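Worksheet for the structure shown next.
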Amino acid sequence: MPKDNVLTQEDFDALLYWFSPDREEAGAKYEEIRNGLIRYFYFKGCAEAEGLADETINRVARKLSVLNIDNENKHITYFYGFAGKIYLEYRNRLEKTTVEFQPNLHQGVEESPQRNEHVENKHVCLEECLAKLPAPDRELVVQYFSKEKKEKFEHRRQLAENLQITVGTMHVRIYRLKAALKTCLERCLREK
Amino acid sequence: MKIEDKKLRNYFLENLSPAEIEEIDLQLISDVELAAELDAAETGLLEDYLENSLSVEETELFERKFLVTEERRKRLELVGALKQFAATATAPPLDLKSKAPGFFESLTTLLSPRSLALGAGVIVLILVVGLVWTMYRPTGGLDSEVAALNQTDLADPGRFKDSTNLALAPGSLRSGGNENSFEAEKLTGNVFFRLALTPQSSPDPVYRVKLLREQKIVFTLDKVRIYQNTAGPELRLLVPSRLLTNGEYRLELEQGAAKTIFNFTIR
C-alpha cells in the first residue's frame, strides 16, 4: 500500500478537530464522510472501496496543514477533490494491468473443465447463500429478478404494492440483500 | 433531491457533462439514500445489457465506459446468475398431470356410458388387457406415490438441504470424488436427486424416468420436467429413502428414443 495510507496520531487528531472540536461529533462526521467515500468508490466500480476511502481520508489529513481551508466550503468538497484524484490513479493502475473487456467473455464462453467447475461452484454457492437468507428476503430477491424486459417494471411495482412498501424502499432492501449475497458468494467461492 | 433514472444510467455510462457527474458524486457522498437509487439504476443497466435491451449506442458505452473493472464484471455475473436462478425458481411447478393414470381410472373412463355401448365383448377385452397390464406392472402403487411426492416444486434446492442430496452425472456420481456408492443408513427421509444433463439433450424439457434396482423396475415417472441452472439443465427428483436399499441402481431418463443413464450403488 502506498505511504499515503499511513496516518500519524497527530494528523488524525487534527482531522477530527477540523470536523468539530467536540470529539464525539467529530467521530460521527468522520464515519459519515468515510461511508460517503465508500459509496463513491463502490459506484465507480472499484473493488477496494473501503481501502480507497481510507486512502482519501489519510491524504486529506496529511495535507490538512497546507490546505487553504475556506470555511465557506463543506468538508465534503475537499474530500471529493482528493477522491477524484485517487479514482483516476486507480483507473490508470487498472488500465496497465487489465486486459481490455471482450463482450463475449461472459457469454458463450469456451467450455473447459476448470470453467465448468467454476460455474458449478458458483451455482452451488448462490443456492447456499440464498438458502441462508430469511425466507421473505429470499422470496423478494427471487421475485424481483424473475421477470424480464418491460414486464419486470410492472411486476416490481406489483411486488412493492403486495409488500405494502414503496418501490424506493424495495430498492433499498434489494441493495442490501445483493450486497449480503455478494459477500456470501465471495466467501463461499474462496472456500470451494 | 430525487435524480431521474435516465440521468443515473447515463452517470454509469459516463454520458453526462463533468458538472452533472460532479453533482451526482457529491450527492452520493453526502446522501445515503441515493445509494439505493443508484444501485437500482446500475442493476437495471446490467439487466438490460443481459437482455439485449440496450440501444447500440448504450451497448457501446456500457462495454467501453462501464464494464471497465473486474468488480463491475462480477456484478454483471451476479445479476445474471440471480436472473437465471429466479427464472427457474418461479417457473411453473411439475405438471400435475404427470401421474400415470391408474388402472381403475383407466377402467372408469373406459366404462363410461358411451363405452358401454360398445358391447360386452369390448368390456371383456378391456378386462383382459387390464388384468394383463396389472400383472406386468410391478409397482403401480409406488408410481403414484413417487408422482405425488414429485408434485412438490423442486425449483429451490435450498428447501431440500436437510434431505440427502445426490448429484449425478450420466454414468456415475458427479459429486463425492471417485465414489459412486452411498451408505443406505445415511439416507434420510426423501433423497433429493439432481441429475445433470447436457444442454443439447434438452430441446423438450420433459422426460420419462425409470428407477431400476438390480435391473428390475422400482418405479416409473412420466412427464418429469427439467430445471435450468447456471451449470446447465438438470432433472430433479425426490425419492423416498426406504426405496433405496442395498443394491445396484440405474436411473433411466427417456426422451423419445434417446436414453440417458445414471448408475449408482447403495451399500
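Computed from a predicted structure; not experimentally measured. Throughout, a chain's letter reflects where its sequence line sits, starting with A, and its residues are numbered from 1.
- Taking the six-membered ring where the residue is Trp, the centroids of F193(B) and Y249(B) are separated by 6.0 Å or more.
- Counting heavy-atom pairs under 4.5 Å between each of E186(A), Q143(A), R91(A) and chain B puts R91(A) at the top.
- Relative to the six-membered ring of Y87(A), K44(A) meets both conditions, a distance below 6.0 Å and an angle of at most 45° to the axis.
- For F82(A), the ring pair (Phe, Tyr, Trp, His ring centres under 6.0 Å) test picks out no residue, with sequence neighbours left out.
- A ring pair (Phe, Tyr, Trp, His ring centres under 6.0 Å) with Y49(B) is found for one member of F12(B), F66(B), F62(B) and no other, namely F62(B).
- Residue pairs meeting the disulfide bond (SG atoms under 2.5 Å apart) criterion with at least one partner in residues 142-178 of chain A, sequence neighbours excluded, are absent.
- The candidate from A40(B), S30(B), A35(B) with the greatest count of non-hydrogen atom pairs under 4.5 Å with chain A is A35(B).
- Checked against the 2.5 Å cut-off, the SG-SG distance between C125(A) and C188(A) falls under it.
- Neither the backbone nor the side chain of E128(A) comes within less than 4.5 Å of any heavy atom in chain B.
- Contact count versus chain A (heavy atoms, under 4.5 Å) is highest, among E42(B), R75(B), K74(B), for R75(B).
- At a cut-off of 3.5 Å, with distance as the only test, no side-chain donor of K29(A) or S20(A) sits close to an acceptor on the other residue.
- For a heavy-atom cut-off of 4.5 Å, chain B lies close to K152(A), R156(A) in residues 150-166 of chain A.
- Each salt bridge (charged side-chain N to carboxylate O under 4.0 Å, His left out) pair with one or both residues in residues 19-28 of chain A, not counting sequence neighbours, appears once here: D13(A)-R23(A).
- No hydrogens or angles considered: nothing links the side chains of E48(A) and Y90(A) as a donor-acceptor pair under 3.5 Å.
- Of the listed residues L38(B), L78(B), I24(B), D48(B), the one with more heavy-atom pairs under 4.5 angstrom with chain A than any other is L38(B).
- In terms of non-hydrogen atom pairs under 4.5 Å with chain A, the most contact-rich of L82(B), T59(B), V79(B) is L82(B).
- Interface remark: L37(A) contributes backbone and side-chain atoms alike to the contact with chain B (heavy atom separation under 4.5 Å).
- I38(A) approaches A53(A) most closely through the heavy-atom pair CG1-CB, 3.6 Å.
- Ranking H171(A), K147(A), K149(A), E32(A) against chain B, the residue ahead of the rest is K149(A), based on heavy-atom pairs under 4.5 Å.
- For chain A, the nearby parts of E22(B) are the backbone and the side chain; heavy atoms of each come within less than 4.5 Å.
- For chain B, the nearby part of R138(A) is the side chain; its heavy atoms alone come within less than 4.5 Å.
- Considering all non-hydrogen atoms of both residues, R72(B) and F43(A) come closest at NH2-O, 2.7 Å.
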